[in-house]
Amino acid sequence: DDCMHGIGHAAYTNLLSIPKSLAICSEISEDSFASSCADGTIMEEIMKSPNGLLTSGFSVKDCIYFDNNAVISGCAKGMSQQNVNLGLDLTQSCSHFTDETIYKSCAHGFGMSLAGNQASGSSFGTTKNQYQDCGEIQTCVDGFGWISYMYFLDVEKASNLCTEYFRKSYLESCIETVILASRNDKNELRD
């Protein structure tokens, strides 16, 4: 999965075109790998941007025009970073995606983006409304927990970040995802 994500980064680095790079991701037959590739493509342009926003004019609505649902899913997930940076809430970020699987991928990316901004000390502010919206969707909270761990590589610090933002229904899920990420990081998960 990480390798396919890297292919998405490399495709964009070499082609400097999101549509052309996503077309490469569309050629990957395994859905989770195609999705990861698409996410890497979007992430690469955002990382190269001087302001944390896409510079090509590609928008979240443009994700919908691909024939491969896995690529749409990865595109939606990747676009969440820009949407969080723009201060959009979860509904504004993901409402373009009516397919439940794609919507969940977008929500997962939204949670990951919130956690990434918070854990990295990003200059992009996040809003209370963004956290409230995320706290209502399981996959968003799971994305938050996963990236919290990946930034800190410390269960306690990541769990504390969950506790800071999710005091109600999904706090336990966020912490469980932190622990799952920790086990995955330590190669304790087996098929």
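In what follows, every heavy atom counts, from backbone to side chain, and hydrogens, waters and symmetry copies are set aside. Every value quoted in this text rests on a predicted model; they were computed, and no experiment measured them.
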(message) As an exercise, state the distance from NE2 of His96 to OH of Tyr103, rounded to the nearest 0.5 Å.
(response) 11.0 Å
(message) Are Phe66 and Leu54 connected into the same hydrophobic cluster when the rule is that any two of I, L, V, M, F, W, Y join if their side-chain heavy atoms are below 4.5 Å apart?
(response) yes
(message) Assigning hydrophobic clusters by single linkage (Ile, Leu, Val, Met, Phe, Trp, Tyr; side-chain heavy-atom cutoff under 4.5 Å), is Leu86 placed with Ile18?
(response) no
(request) Examine Met47 and Leu16 and state if one hydrophobic cluster contains both, with Ile, Leu, Val, Met, Phe, Trp and Tyr joined whenever side-chain heavy atoms are less than 4.5 Å apart. (result) no
(request) Determine, step by step, whether Thr13 and Lys48 satisfy the side-chain contact (heavy atoms from CB on, under 4.5 Å) criterion, reporting the C-alpha distance in whole Å, the side-chain angles of both residues, the deciding distance to 0.1 Å, and the verdict. (result) CA-CA 9 Å; Thr13 297; Lys48 288 189 179 309; 3.8 Å; yes
(request) Can you measure from CD1 (Ile7) to CD1 (Ile28) and round to the nearest 0.5 angstrom? (result) 5.5 Å
(request) Evaluate the side-chain proximity of Phe97 to Lys104: yes if any heavy-atom separation is below 4.5 Å, no if none is. (result) no
(request) State, without any angle test, whether Glu164 and Asn160 hold a side-chain donor-acceptor pair at a distance under 3.5 Å. (result) no
(request) Report the distance from atom CD of Glu156 to atom CD1 of Ile175, rounding to the nearest 0.5 Å. (result) 11.0 Å
(message) As a quick check of understanding, evaluate side-chain contact (heavy atoms from CB on, under 4.5 Å) for Asn184 and Tyr149, giving each step before the final call.
(response) CA-CA 11 Å; Asn184 185 63; Tyr149 177 78; over 6 Å; no
(request) Determine, using the 4.5 Å side-chain heavy-atom cutoff (strictly less than), whether Phe124 and Leu88 are members of one ILVMFWY cluster. (result) no
(request) State the CD-OG distance between Glu30 and Ser35, to the nearest 0.5 angstrom. (result) 10.5 Å
(request) Kindly compute the distance separating SG (Cys25) from NZ (Lys20), expressed to the nearest 0.5 Å. (result) 14.5 Å
(request) Step by step, work out the side-chain contact (heavy atoms from CB on, under 4.5 Å) result for Cys63 and Phe58. (result) CA-CA 9 Å; Cys63 294; Phe58 191 86; 4.0 Å; yes
(request) Give me the ring orientation class for Tyr165 and Tyr131: parallel if the planes are under 30° apart, tilted from 30 to 60°, perpendicular past 60°. (result) parallel
(message) Within the 3.5 Å criterion, strictly below it, is a donor on Ser21 or Thr41 matched to an acceptor on the partner's side chain?
(response) no
(message) Ignoring hydrogens and geometry beyond distance, is a side-chain donor-acceptor pair present between Glu27 and Asn68 at under 3.5 Å?
(response) no
(message) Could you see if Ile46 belongs to whatever hydrophobic cluster contains Tyr12? Use Ile, Leu, Val, Met, Phe, Trp, Tyr and a side-chain cutoff under 4.5 Å.
(response) yes
(message) Counting neighbours of CD on Glu172 that are heavy atoms of other residues, nucleotides or ligands and sit closer than 6.0 Å, is the number greater than 12?
(response) no
(message) To the nearest 0.5 Å, what is the distance between CE on Met79 and NZ on Lys61?
(response) 11.0 Å
